[in-house]
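Side-chain atoms are counted along with the backbone in the values below, which use heavy atoms only and exclude waters and symmetry mates.
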Amino acid sequence: SGVIGSQFEPDIRNALQKHPSIRRIDVASPGGLRAQAMRVGSLINKHGLTVRVEGRCASACVLLWATANSREMTADSRIGLH
């Protein structure tokens, strides 16, 4: 959760290396760096993960969610486009 910054991709890669059994990534973000979101979206698809929005997801967060082959959102989540 939080802003998608320059450490987003390295953090996700690190988490996947430490926990190879991860099947889903839960996100809540007002947005951030588009390139980071797109690279992580590709990485998520490569690993066959699901992206689930929990809460607010806007801007670059929506790119991450939309590029995922498998995506979910909770009933009280909100997607913000601009």
Side-chain angles (χ1 to χ4, degrees):
S1 72
V3 174
I4 296 172
S6 61
Q7 283 300 114
F8 187 56
E9 181 184 7
D11 288 347
I12 295 296
R13 286 187 183 279
N14 187 39
L16 290 172
Q17 287 177 349
K18 286 185 178 181
H19 308 282
S21 63
I22 290 174
R23 303 305 325 145
R24 185 183 76 218
I25 295 179
D26 295 345
V27 295
S29 173
L33 300 175
R34 182 179 57 91
Q36 288 284 321
M38 297 298 286
R39 285 196 297 269
V40 170
S42 294
L43 182 64
I44 285 169
N45 288 335
K46 178 181 174 186
H47 287 272
L49 305 178
T50 298
V51 175
R52 179 170 69 179
V53 173
E54 290 199 352
R56 178 179 171 219
C57 180
S59 194
C61 180
V62 177
L63 290 175
L64 172 64
W65 179 77
T67 60
N69 290 334
S70 177
R71 57 188 170 272
E72 303 172 349
M73 59 189 300
T74 60
D76 59 345
S77 294
R78 298 292 178 257
I79 298 290
L81 301 171
H82 62 90

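Although no hydrogens or angles enter the test, the distance criterion places a donor-acceptor pair under 3.5 Å between the side chain of Gln36 and the main chain of Glu9. Panel note: side chain Ser29, backbone Gly2; a donor-acceptor pair is recorded below 3.5 Å. A donor-acceptor pair under 3.5 Å links the side-chain atoms of Asn45 to the main chain of Asn69, judged by distance alone. Distance alone, capped at 3.5 Å, places no donor-acceptor pair between the Arg13 side chain and the Val40 backbone.
A pairwise comparison of heavy atoms in Ala66 and Arg71 identifies O-NH1, 3.4 Å as the closest pair. The heavy-atom pair separating His47 from Arg23 by the smallest distance is O-NH2, 3.4 Å. Nearest heavy atom pair, residue Glu72 against residue Arg24, reads OE1-CD, 4.0 Å. Summarising the geometry of Ser59 relative to Gly31, their closest heavy-atom pair is CB-CA, 4.0 Å, with the distance given to 0.1 Å. Nearest heavy atoms, Ala37 versus Ala60: CB-O, 3.3 Å.
Screening residues 2-42 for disulfide (SG to SG under 2.5 Å), with sequence neighbours left out, gives no hits.
Shown are Ile25, Val53, Ile44; of these, the side chain to side chain contact (heavy atoms under 4.5 Å, CB included) with Trp65 is made only by Val53.
Note that CG of Leu64 and CD1 of Ile12 are 8.0 Å apart. Values are rounded to the nearest 0.5 Å.
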